[in-house]
Each structure stands twice: as C-alpha cells, then as structure tokens.
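Numbered from 1 within each chain, the chains take letters A, B, ... in sequence-line order.
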Amino acid sequence: MLSSHVKVRFAPSPTGYLHIGGARTALFNWLFARHHKGVFLLRIEDTDQQRSTDDATQAILDSMKWLGLDWDEGPYFQSKRLPIYKEYAERLVSQGKAFHDTDAEGRKAIRFKMQDGVTEFNDLIHGAITFDASLIEDFVLLKADGFPTYNFACVVDDADMGITHIIRGDDHISNTPKQIALYQAFGFKLPEFGHIPMILGEDGSRLSKRHGATSVTEYRDRGYMPHALVNFLALLGWSPGNDLEIMSVPEMIEKFTLKRANKTSAQFNNTKLDWMNGQYIKNTPIEQLTAEAWKYFEKAGIDTKRLPEGWLLSLARLYQERFKTFHDLLNQTGFFFTDTIEYDAAAVDKFLKKERITDLLKEVHAALSATVIFDKNNLENSLRDLTEKIGVGFSKLAQPLRVAVTGKSVSAGIFETMELLGREKTLKRLAYAIHNLCEKTETVKSVA
RNA sequence: GCCCCCAUCGUCUAGUGGCCCAGGAUGCCAGGUUCUCAGCCUGGAGACAGGGGUUCAAAUCCCCUUGGGGGUACCA
C-alpha cells in the first residue's frame with residue numbers, strides 16, 4: 001500500500017453533539033491516517049441550514065480535541081463553499097447529466113440524471129457490493145436554497161480535497177452508488193471505500209438520547225479519561241488480532257489496519273467502559289491523577305483551596321484502586337467535604353442501633369482522643385489495643401465506627417479514612433453518633 | 001413494499017477448511033486475601049441462529065430460512 005498518499009477525513013454535520021458513533025468514525029479515520037503517515041482532515045457538513053448550529057460545531061471541535069484526535073487540515077465548512085458546488089452542478093447541467101427541476105411545491109432544484117446499469121465497488125471491509133442503478137431515482141444536487149445536498153457536496157469535496165480513502169459508517173453504503181455515479185459523471189478518480197459497522201445502544205437498537213449518555217462531552221463531564229474512551233471505542237469494531245485490550249495510543253496507531261475491522265455492528269457497553277476507565281486510573285501516575293481529580297473537584301464546586309497541602313494526593317492514593325470515574329470518586333468521598341453528612345438509614349440501623357454500641361463507641365472515642373499522633377498507624381495501634389483489652393473482634397468495632405464517621409457501611413480503610421478526615425471531624429462525628437444515632441429510632445440525617 | 005449490509009458466550013471479540021468437543025476480555029457465580037466495599041489472586045457456568053449442501057474434514061465456502069441493522073428526503 002502506498003502509505004505516503006493516504007488522505008482521509010472526518011465529516012460530521014453540526015446538528016448535534018459528537019456522539020460516540022461519530023467519535024468512533026473519527027477515531028478510525030485518525031488511526032488510519034496516523035498509521036499510514038497520511039493526512040487527516042476535518043470538514044463540517046453544514047448544508048442543512050435549519051438544523052446546523054454553531055454550538056454543535058464547537059462541541060464537535062471540543063470533543064475531538066479532548067479525545068486527542070488532532071486534524072492536519074480544516075476545519076472546512078461546506079456553507080463557505082457554495083459557489084464551488086454551484087459551478088459543478090451547472091457543469092453537469094450543461095453536459096446534460098443533470099437538469100433543472102421544479103417539484104410539486106414549486107421549489108426549483110438541480111437534479112442528477114441517474115443512468116441505468118450495475119454499480120459495483122470493492123469495499124475495503126465488506127468486499128464486493130453491487131447495486132442496480134436503475135432502482136435509484138434521480139436525486140437532487142442543489143437545493144432550492146442554493147445549498148448542495150449531502151451526496152453532492154460530499155463527492156465534490158472529497159474529490160476536490162484529494163481524499164483517497166473514505167472511511168465512514170455503513171449506514172452510508174446505500175449512498176455509495178449515487179456518489180460513484182457522480183464521480184463517474186465528473187470523471188473524478190474514485191477513492192477507496194471502507195464502511196465500518198455502526199455502534200448500537202446497550203439494548204441493540206440504534207443509538208439515541210434515550211440510551212442515556214451518548215455524547216463525548218457527557219463522558220468527559222462524568223469523569224472518564226479520554227484515553228480510556230478512545231481505547232474502548234477502538235475495540236468496538238476493531239481488534240489488534242490478539243488478546244491485547246489495554247493499549248496506548250501509539251500502540252493502537254501501530255497496529256491499526258482496516259483489514260482487522262469488523263463488519264458486525266457493536267453494542268455499547270458502559271460496564272466494560274467503566275472497567276477500562278478503572279484500569280486507566282490505576283495506571284495513571286499519582287501526581288497526574290491528583291491533578292485530574294483536582295480539576296474535576298473544582299468544577300464540581302468543591303473549595304479545593306481550603307484543602308491542606310498534599311491532602312488531595314493522599315486522597316487520590318487511597319482511592320486510586322477503588323474508583324471507576326471521577327464522578328464516582330466524588331460520590332465516594334463526599335463525606336470528607338461537608339459538615340452535613342448523609343447517613344445511610346440501613347447502615348445506621350444495622351450497626352448503630354444495637355445494644356452496647358453506645359458504650360463501645362465511647363471506648364473508641366476515648367482511645368482515639370488519647371491518640372497523640374492522629375495517623376493511620378497510631379490509630380490502628382490504639383484500636384487494636386482497645387479490642388484486645390475489651391475482648392471484641394475488630395470487625396465488631398470497625399463497622400459502627402465506619403458508619404459514625406462516614407455515614408456509610410462501605411468506605412476505604414477506616415484508619416486511612418480517619419487520618420484524612422482529621423482528629424477534629426472524626427471525634428466530632430463519633431460524639432454525634434454516640435449521642436444522636438445509637439439506640440434511638442429517628443434521626444437519619446443531621447449535622448455532625 | 002423494494003434495495004443493501006450483517007449474524008461466535010449477556011456484551012466486546014479471537015478464529016480466514018483440519019491446531020476449536022471454539023481462545024481472551026467484561027459481566028455473573030464460588031473460594032482466597034481482609035476492618036466493610038472495591039481491588040487483587042484462583043476456580044466455574046456461559047456461544048458458532050436454524051436448515052440444506054460442497055469437502056476426507058466447516059464456526060470458517062455456497063444456498064435458503066429466520067433474526068437484526070441501514071437506505072429508499074430539496075437530512076446528513
């Protein structure tokens with residue numbers, strides 16, 4: 001393959017945010033270009049005046065950047081190339097290959113005259129695909145508003161911009177014979193076509209808003225790492241051919257070929273994405289992870305300036321193997337950042353509203369108060385000593401303490417948690433639980 | 001309706017005629033580690049849509065059926 005002449009494009013229409021299907025198409029084009037050391041260009045197909053918006057364009061550009069899909073040319077905007085399309089359309093009219101037409105509603109357009117015959121092309125992924133051109137109607141090239149239609153603008157631009165490989169969703173397979181007819185009418189050199197499978201929602205139906213998060217920006221806002229999303233998306237419709245799953249971007253570029261792309265549509269799977277994001281989090285250097293968490297926390301409205309030096313790093317270290325997304329981290333660690341913690345009612349019932357818990361926690365309170373250096377080692381020593389002295393298993397003590405301090409029956413290690421929370425808050429919450437939560441019936445949420 | 005594409009564990013996939021009574025990952029289940037959960041380790045259940053061919057031999061090739069997806073716009 002002549003790698004030096006590869007030129008591909010991603011050509012979204014700015015009628016909505018970049019969804020994961022579009023992102024995957026962009027990614028495959030990008031990987032293909034980088035693998036072949038070719039050119040990747042971005043073209044905005046804003047020929048639908050009603051539905052195109054600047055916000056959508058901006059969201060698409062932001063999403064591409066966030067994913068790390070940098071383009072070498074563009075973005076070109078089709079709305080700025082109107083004279084070009086007009087000229088090409090008229091050329092076809094003058095050659096008798098297209099004609100002016102007025103529809104029932106009185107709109108005037110230029111329509112392409114389809115020739116009968118068989119259209120066959122060799123798809124890079126599907127192999128030979130054949131259409132009977134006589135079944136395809138004469139289609140509009142230039143709309144009444146002077147804007148080109150998709151099929152027309154696409155061909156004119158791809159030819160004009162020197163696109164060598166058209167990699168796009170297989171929902172475009174049936175557009176291909178029309179486009180080939182146009183290439184032939186103009187005498188343009190035909191590019192290669194590679195139609196990649198669609199990404200379906202988790203239930204196997206076409207991706208839509210009711211599937212929850214479908215846009216790249218939503219995944220960004222929910223605290224996923226861009227490389228994890230890229231890695232996950234790369235594996236939807238493509239595989240390196242071995243058992244490798246977690247791959248760096250350079251690795252993906254090196255291994256990416258269209259030959260290894262699938263024909264079968266793939267269902268999106270959030271659970272596996274979560275797992276993958278967790279893998280990336282685990283493998284991210286702690287300083288970088290802390291910085292990312294910091295950014296996310298600030299956006300979420302947490303006053304990070306008030307946190308002691310190094311505190312967030314300790315938090316990140318403690319939670320690194322425990323969270324899947326930054327949003328998840330925020331959920332898990334919310335009790336650190338508030339004076340009003342939420343108590344899980346079931347946890348309170350199960351671990352605090354029991355006989356002798358008040359006494360036990362009073363002992364714990366005393367032991368913790370007497371711990372001079374409030375760090376995890378000393379806290380552990382104090383409490384281990386206590387359990388030995390009063391003869392109870394450590395878990396009998398840990399759970400009530402956990403609920404009292406975090407409000408939940410699940411948390412990271414209790415000693416590390418107390419150390420991070422600090423002496424003052426820990427003791428305050430413990431005292432509150434002793435006086436207000438143990439062996440009483442109401443009280444689910446209050447100030448501690 | 002007509003045209004086109006597709007079909008391996010729930011999901012993502014490996015598999016291009018014998019190496020496959022089908023491998024990996026995720027999820028699920030069980031056990032281990034343990035202050036809970038997560039993580040980690042070990043083990044387990046789990047698929048070639050159905051039917052015909054071709055062949056000494058088929059998940060792999062052909063046909064039909066069924067199922068899914070896409071198109072059939074002066075949307076892209």
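Ranking B:G70, B:A76, B:C40 by closeness to the A:N151 side chain, first place goes to B:A76. The side chain of A:M198 has B:G70 as its nearest neighbour among B:G70, B:C40, B:C4. Considering only side-chain atoms of A:F131, the nucleotide from B:C4, B:G69, B:A76 that sits closest is B:C4. Closest contact between the side chain of A:R322 and the listed nucleotides B:A38, B:C35, B:C12 involves B:A38. Set against B:C74, B:A76, B:U26, the side chain of A:V140 has B:C74 as its closest nucleotide.
Between A:F336 and A:Y319, the two ring planes are perpendicular [angle over 60°; tilted spans 30° to 60°]. Using cut-offs of 30° and 60° for the angle between ring planes, the A:F323 and A:F326 rings count as tilted. Between A:F394 and A:F415, the ring planes are tilted. Angles from 30° to 60° get that label.
Among the atoms of the strands shown, base atoms are found under 4.0 Å from some heavy atom of A:F415. Residue contacts shown for A:N262 are limited to sugar-phosphate atoms, with no base heavy atom under 4.0 Å away. Nucleic acid contact for A:S409: base, since at least one base atom lies under 4.0 Å from a heavy atom of the residue. At a threshold of 4.0 angstrom between heavy atoms, the contacts of A:T271 are confined to the sugar-phosphate backbone, with no base atom among them.
At B:C6, one or more side-chain N or O atoms of A:H126 fall inside 4.0 Å of OP1 or OP2 (strictly under the cut-off). Residue A:K263 places none of its side-chain N or O atoms closer than 4.0 Å to OP1 or OP2 of B:G69. In this model, the phosphate group of B:A14 is approached by a side-chain N or O of A:S239 to a distance below 4.0 Å at OP1 or OP2. Here A:R260 reaches the OP1 or OP2 of B:A14: one of its side-chain N or O atoms lies under 4.0 Å away. For the pair A:R111 and B:C74, the criterion of a side-chain N or O lying under 4.0 Å from OP1 or OP2 is met. Contact annotation: A:K143 reaches the phosphate of B:C75 (side-chain N/O to OP1 or OP2, under 4.0 Å).
Taking the P atom of each, B:C21 and B:C5 are spaced 33 Å apart, rounded to whole Å. B:G46 sits 9 Å from B:C28 when the C1' atoms are compared, rounded to a whole Å.
Comparing A:D132 and A:R384, the nucleotide of RNA chain B nearest to each residue sits closer to the 5' end for A:D132.
Relative to the six-membered ring of A:F28, A:R24 meets both conditions, a distance below 6.0 Å and an angle of at most 45° to the axis.
The side-chain heavy atoms of A:D101 and A:K108, taken from C-beta on, include no pair separated by under 4.5 Å.
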